[in-house]
Amino acid sequence: MNHLLDIASLSVTEIESLLEKAFAFKEERNKPLLSYHGHRLATLFYENSTRTRVSFQIAAERLQLPVTDINLTHSSEKKGEIIEDTIRTLAMMGIDLFVLRHHQDKLPHALAEVLPGNIHIINAGDGMHAHPSQALLDLMTIREYKKDLSAAKITIIGNIRHSRVANSLQVLFAKMKVQELVMVAPPIWQPEQIHCGRVTSSLDEGLQDADVVICLRVQKERFLANESFDLPSYRHEYTLTPERFQKAKINAVIMHPGPVNRNVEIEDTLVDSNHSLILRQVENGVFMRMAILDEIVGGIV
Ligand code: CP
């Protein structure tokens, strides 16, 4: 693996290999390899992040891979430098792995096309397009709970239209042959393009007999100028409450990529209930990102 740009670029074999590695790191069956010597990672986040940025930093540290966090408020891009030149400059100082979050759809793909082959781009979220490491850690978390995805009903609730996580999950669930994927959203948040599953505006229908319920953040920052968000009516129809959650299977689990807006996407009591895997997702994120870095560095010749 040379870059991690999106889920579509990964084969099922590569996905299974990442899962195997991530579980091995979690169970401490994989020790860090000496081959990380000579590599260095930079985190470049042009959008806010807590989980993804810190998780990649900790994953790298656990692999004994040095990390530089680029402070973009003080970088030379403020003086007009383009991102491609920033990356080329940092590469000349010895950085070869770049974890990039940016508001522009497919910027990681464009950079991977033009930058030299010894520079490796890891997409940590590009606009509304993709968030592959999040989808992979979500898959790892689901697998811990339900091994057989061909017998799983998964329900995604919320702002599907603006969600790079939902996009990546759809592609991933199609590849992994999930039995049923239902996406629940009000009409304004239904996706223009579907990669897998079906869409409904009925939360009750979507939740019926679900094994896994994934709630998404409302993502107000991605609304277009002509889009509005009516919080009281969203809460009235779509907030996951204990009463609504009863439609799902008795041992169903709740996930959320975070950050959670409590009592908007999920009612407080459910966020903290023993159905919730939200903190498990965060924990698994470090192991999945170790696996991603290991796979890329291991593939460098
Ligand atoms: N899920 C996710 O991407 O969280 P952060 O924005 O905190 O990185």
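Computed over heavy atoms, backbone and side chain alike; hydrogens, waters and symmetry mates excluded. Read the numbers this way: they start at 1 and go in the same order the structure lists the ligands and their atoms.
Residue G258 has at least one heavy-atom neighbour below 4.0 Å for each of these atoms of ligand 1: 1 (N), 2 (C), 4 (O). In summary, the atoms of ligand 1 found under 4.0 Å from a heavy atom of T50, numbered by their order in the structure, are 5 (P), 7 (O), 8 (O).
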Candidate pair H3 and H109, rule ring pair (Phe, Tyr, Trp, His ring centres under 6.0 Å), full reasoning: CA-CA 9 Å; H3 307 280; H109 302 63; 9.5 Å; no

Is there a ring pair (Phe, Tyr, Trp, His ring centres under 6.0 Å) between F245 and H275 once you walk through the steps? CA-CA 10 Å; F245 186 59; H275 289 279; 5.0 Å; yes

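Counting heavy atoms of neighbouring residues, nucleotides and ligands inside a 6.0 Å radius, atom CG of N251 exceeds 12 of them.
The protein heavy atom nearest to atom 2 (C) of ligand 1 is T52 OG1, 3.5 Å. Of the protein's non-hydrogen atoms, R101 NH1, 2.9 Å is the one closest to atom 6 (O) of ligand 1. With hydrogens left out, the protein atom closest to atom 1 (N) of ligand 1 is P257 O, 2.8 Å, a heavy atom. If you check which protein heavy atom lies closest to atom 4 (O) of ligand 1, you get R51 NE, 3.1 Å.
Relative to the six-membered ring of F45, R101 misses at least one condition, a distance below 6.0 Å or an angle of at most 45° to the axis.
Nearest heavy-atom pair, G94 versus R40, reported as atom, atom and distance to 0.1 Å: O-CB, 3.6 Å.
Between R143 and E16 there is a salt bridge, since a side-chain N of the basic residue sits under 4.0 Å from a carboxylate O of the acidic one.
Here the shortest heavy-atom distance to atom 3 (O) of ligand 1, taken over H131, R164, Q134, belongs to H131.
The N/O atoms of R53, backbone and side chain alike, include none that comes under 3.5 Å of an N/O atom in ligand 1.
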